[in-house]
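Comments concern the structure below.
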Amino acid sequence: MLPSAAPARCLLLLLLLAVAVAGAAFDLEEATVDSIRRAFADGELTSRGLVELYLRRAAALDPSLHAVVELDPDGALAAADRADDARRLFASAGGGALPPPLLNGIPVLVKDNIAAAGGGGALNATCGSLALVGSRPAGDAGVVERLRRAGAVVLGTASLSEWCNFRAPGIPAGWSPRAGQGKNPYVPSATPCASSSGSAIAAAANMVAVTIGTETDGSIMCPSSYNSVVGIKPTVGLTSRAGVIIISPRMDTVGTVSDAVHVLEAIVGYDPRDAEATRMALQYIPEDGYRQFLNIDGLRGKRLGILRKDFFRFPSGSVQQKMTMTTSTVQSYAYSSLKMNEIKFLSFLLIPGCYKTESKMGAILVDNLEIPNMNIINDAVQSGERALMLAEFKLSLNSYLSELASSPVRSLSDIIDFNNKHPVEERMAEFGQSYLLQSEATDGTGPTEKKAIAKLNELCESGLEKIMRVNQLDAIVSPGASAHSLLAIGGYPAITVPAGYASNGVPFAICFGGLKGSEPRLIEIAYSFEQATKVRRPPTLQHSII
């Protein structure tokens with residue numbers, strides 16, 4: 001019989017529903033790091049009360065949404081008490097003590113491929129697989145260490161697509177045998193999209209203010225888009241991958257979903273356990289952090305390249321198509337049929353003039369840009385991305401497993417064997433494990449993989465890097481996660497911001513991407529757009545459940 005934490009978890013959720021919750025007057029709806037910090041400072045809320053509120057919300061919502069794999073209530077409440085003590089000490093010292101850190105007492109969910117030793121007992125980091133249930137990390141992942149240092153309270157782990165959607169093609173996004181099928185909180189029948197789906201679902205449904213995800217190729221960008229939350233995919237190396245189950249060191253990055261900039265500031269930095277990448281990225285970290293770039297006028301003077309061909313493809317008559325028409329078509333379109341937020345989006349995105357005319361929000365738009373060889377970039381086999389991922393996944397996974405304090409499996413081969421022995425639970429007849437088998441057949445970085453690396457480098461140089469350089473761009477603009485492979489193959493950053501809702505209620509987003517280290521400019525652009533449009537609205541599903 002397979003080991004499982006389900007009975008204990010169910011008991012916890014039932015008990016929490018009956019608990020009188022401290023701080024119940026605080027409204028969790030759309031709570032942010034700043035609003036929580038204000039409530040702490042004003043004495044309206046304690047960290048313990050906030051943790052209890054989020055635990056109660058998870059108990060109510062997660063049976064329908066499947067956004068959470070495990071919770072650590074004992075560890076979270078103990079950490080919350082320490083945060084409350086630190087805040088009281090600072091207040092009583094009258095400024096004579098160090099102020100609490102940025103995320104002091106604020107709960108966070110981390111994706112289930114990120115190791116968290118846990119305060120009340122280590123959380124399993126299973127990547128959604130039953131094979132890793134019972135494994136114990138020797139310590140926290142690098143990003144979790146930084147979160148705790150910033151005062152954050154690790155509430156638990158968020159669900160994901162099993163093995164970060166790298167087990168086999170055709171497996172539904174957001175499904176894993178540990179958490180079941182993650183649900184889009186806006187339209188349950190719609191996809192939650194890509195492997196960091198649980199992080200996005202939880203943030204969208206206000207189950208927690210702060211969530212952490214990871215991305216290889218689209219895994220933060222896509223769920224952020226489909227669940228109407230802000231997602232930051234940082235430059236590879238800005239955040240440590242130590243203690244994280246990844247697919248590709250070239251492409252994988254740990255990022256934020258939800259209250260993104262505050263969290264990014266807390267988790268970037270050098271880690272000796274991921275030395276090469278994090279040392280290289282040190283040059284990109286601004287001296288005074290990232291919050292200084294939350295500039296409401298941040299679009300002014302920015303040169304934005306609009307990638308239309310291969311990116312702006314929408315059904316005829318759809319909301320997205322109306323919002324992204326060419327300028328000549330927009331001029332003849334009945335503006336009265338568009339909502340105000342859509343008009344704001346149009347005025348931002350489609351002001352004519354390319355190189356010389358500024359939009360109402362101050363951006364200089366360079367329209368109709370085209371990335372050469374996008375058909376190859378979007379084909380993981382032709383680009384060489386698949387071959388590299390298969391080899392790097394085996395190396396990375398075996399390295400991660402070897403560092404665990406204890407684990408029922410110690411290699412990719414062991415995991416393949418486990419799946420074969422548990423075909424019902426792992427739904428082997430439906431999905432198989434073709435990527436795992438192909439990965440196991442690789443033997444390090446040989447001639448095939450080196451050829452793939454060279455091809456990816458050439459596609460980066462002749463693609464995004466050239467178009468940014470020739471057109472002197474600050475960022476590129478694309479809808480949703482359509483540029484995911486373009487930005488993945490070079491380890492480039494991106495920020496995805498809510499941009500609207502389709503006629504069936506499914507959210508969609510706009511994405512701002514750039515070259516390595518361009519996070520400061522991307523934050524200015526994305527924040528300015530977000531504040532000017534204010535498109536996001538919470539899903540209604542939560543109100544019918546909680």
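Here the structure is a predicted model, which means the values were calculated and not measured. Hydrogens, waters and symmetry mates are skipped; everything else that's a heavy atom, side chains included, is used. For reference, positions follow the sequence shown, starting with 1.
- Judged purely by atom type and a 3.5 angstrom limit, T533 uses its side chain to pair as donor or acceptor with the backbone of F529.
- Without hydrogens or angle criteria, T216 side chain to M251 main chain gives no donor-acceptor distance under 3.5 Å.
- Here the side chain of T253 pairs a donor or acceptor atom with the backbone of P234 at under 3.5 angstrom.
- Remark: side-chain polar atoms of Q283 are paired, donor with acceptor, to backbone N or O of M280 under 3.5 angstrom.
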I would like to know whether S485 and D217 meet side chain to side chain donor-acceptor pair (under 3.5 Å); could you show each step before the answer? CA-CA 6 Å; S485 290; D217 188 338; 3.0 Å; yes
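- Side chains of Y290 and P520 form a contact here, defined as non-hydrogen atoms less than 4.5 Å apart.
- Note that the CG atom of D140 and the CZ atom of R149 stand 10.5 Å from one another [nearest 0.5 Å].
- One N or O on the side chain of N184 and one on the backbone of Y186 form a donor-acceptor pair closer than 3.5 Å.
- More than 12 heavy-atom neighbours from other residues, nucleotides or ligands sit within 6.0 angstrom of CE on M374.
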Could you walk me through whether H262 and L102 pass the side chain to side chain contact (heavy atoms under 4.5 Å, CB included) test, one step at a time? CA-CA 8 Å; H262 291 76; L102 175 64; 4.0 Å; yes
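- Taking NZ of K394 as the start and CG of L390 as the end, the distance is 11.0 Å to the nearest 0.5 Å.
- For the residue pair D367 and R308, the shortest heavy atom distance occurs at OD1-NE, 2.8 Å.
- The closest side-chain heavy-atom distance from L132 to S407 is below 4.5 Å.
- The side chain to side chain contact (heavy atoms under 4.5 Å, CB included) test with L304 is passed by exactly one of I476, V366, L299, L473: L299.
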W163 and Y435: CA distance, side-chain angles, deciding distance, ring-ring contact (aromatic ring centres under 6.0 Å, His included) verdict: CA-CA 10 Å; W163 296 117; Y435 289 160; over 10 Å; no
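- For CG of D379, the number of neighbouring non-hydrogen atoms (other residues, nucleotides, ligands) closer than 6.0 Å is greater than 12.
- Checked for salt-bridge contact, R427 and E430 meet the test: a charged N lies under 4.0 Å from a carboxylate O.
- Listed for the D112 side chain is no donor-acceptor partner under 3.5 Å among the backbone atoms of A158.
- Nearest heavy atoms, I201 versus A67: CG2-CB, 3.7 Å.
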Test side chain to side chain donor-acceptor pair (under 3.5 Å) on R410 and N398; report intermediate values, then the result. CA-CA 7 Å; R410 288 293 183 179; N398 286 349; over 6 Å; no
Take E162 and R178, measure what salt bridge (charged side-chain N to carboxylate O under 4.0 Å, His left out) needs, and give me the verdict at the end. CA-CA 8 Å; E162 188 185 19; R178 287 218 67 205; over 6 Å; no
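- Looking at every heavy atom in both residues, S240 comes nearest to D271 through OG-OD2, 2.7 Å.
- A donor-acceptor pair under 3.5 Å links the side-chain atoms of N227 to the main chain of P192, judged by distance alone.
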Take E519 and T235, measure what side chain to side chain donor-acceptor pair (under 3.5 Å) needs, and give me the verdict at the end. CA-CA 8 Å; E519 280 82 358; T235 298; 2.8 Å; yes
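- Within 6.0 Å of atom CD in E276, 12 or fewer heavy atoms from other residues, nucleotides or ligands are found, so the atom counts as exposed in its surroundings.
- For the side chain to side chain contact (heavy atoms under 4.5 Å, CB included) with C511, the lone residue among I495, V477, L487 that qualifies is L487.
- Between Y492 and G514 the shortest heavy-atom distance is CB-O, 3.2 Å.
- Atom CD of Q433 and atom CD1 of I416 lie 5.5 Å apart (nearest 0.5 Å).
- Between R167 and E426 there is a salt bridge, with a side-chain nitrogen of the basic residue lying less than 4.0 Å from a carboxylate oxygen of the acidic one.
- S224 places a side-chain N or O within donor-acceptor distance of the main-chain N or O of I220, the cut-off being under 3.5 Å.
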Output, in order, the C-alpha distance, side-chain angles, deciding distance and verdict of ring-ring contact (aromatic ring centres under 6.0 Å, His included) for F166 and F393. CA-CA 9 Å; F166 203 64; F393 177 64; 5.4 Å; yes
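- The backbone N or O of G180 sits nowhere less than 3.5 Å from a side-chain atom of H66 that would complete a donor-acceptor pair.
- The only option from T157, T239, L147, V257 that meets the side chain to side chain contact (heavy atoms under 4.5 Å, CB included) definition with I212 turns out to be L147.
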Determine whether V154 and L123 satisfy the following criterion, side chain to side chain contact (heavy atoms under 4.5 Å, CB included), listing intermediate values before the conclusion. CA-CA 10 Å; V154 178; L123 292 159; 4.1 Å; yes
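- Taking 4.0 Å as the cut-off between side-chain N and carboxylate O, E145 and R273 count as a salt-bridged pair.
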Apply the test side chain to side chain donor-acceptor pair (under 3.5 Å) to residues K111 and T214: give CA-CA distance (whole Å), side-chain angles for both, the deciding distance (0.1 Å), then the verdict. CA-CA 7 Å; K111 188 175 173 181; T214 66; 2.8 Å; yes
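- In this structure, M207 and L65 have side chains that are in contact, with non-hydrogen atoms separated by less than 4.5 Å.
- A donor-acceptor pair under 3.5 Å is formed between the side chain of S411 and the backbone N or O of D414.
- For the pair V506/Y226, a side-chain contact is recorded, criterion being any heavy-atom separation below 4.5 Å from C-beta on.
- For the pair C164 and I245, the minimum side-chain heavy-atom distance is 4.5 Å or more.
- Ion pairing between a basic and an acidic side chain is recognised when a charged N comes within 4.0 Å of a carboxylate O; E461 and K466 show no such pairing.
- Contact check for E458 versus S462: side-chain heavy atoms found under the 4.5 Å cut-off.
- Note on R303 versus D474: no salt bridge recorded, every NZ/NE/NH1/NH2 to OD/OE distance being 4.0 Å or above.
- Judged purely by distance below 3.5 Å, without hydrogens or angles, the side chains of N165 and S195 never pair a donor atom with an acceptor atom.
- A salt bridge links E265 and R291; the closest N-O separation between the charged side-chain nitrogens and carboxylate oxygens is under 4.0 Å.
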Using the salt bridge (charged side-chain N to carboxylate O under 4.0 Å, His left out) rule, take R241 and D252 through it: C-alpha gap first, then chi angles, then the decisive distance, then the call. CA-CA 8 Å; R241 287 82 51 86; D252 270 77; over 6 Å; no
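- What you find for K302 and G298 is that their closest heavy atoms are NZ-O, 2.8 Å.
- Put simply, the side chain of L401 reaches to within 4.5 Å of the side chain of I415, judged on heavy atoms.
- Note that CG of L264 and CG of D259 are 11.5 Å apart. Values are rounded to the nearest 0.5 Å.
- Between E449 atom CD and L395 atom CG the span is 8.5 Å, to the nearest 0.5 Å.
- Summarising the geometry of G301 relative to I364, their closest heavy-atom pair is O-CD1, 4.0 Å, with the distance given to 0.1 Å.
- Within the 4.5 Å cutoff, the side chain of K233 has heavy atoms near those of the M221 side chain.
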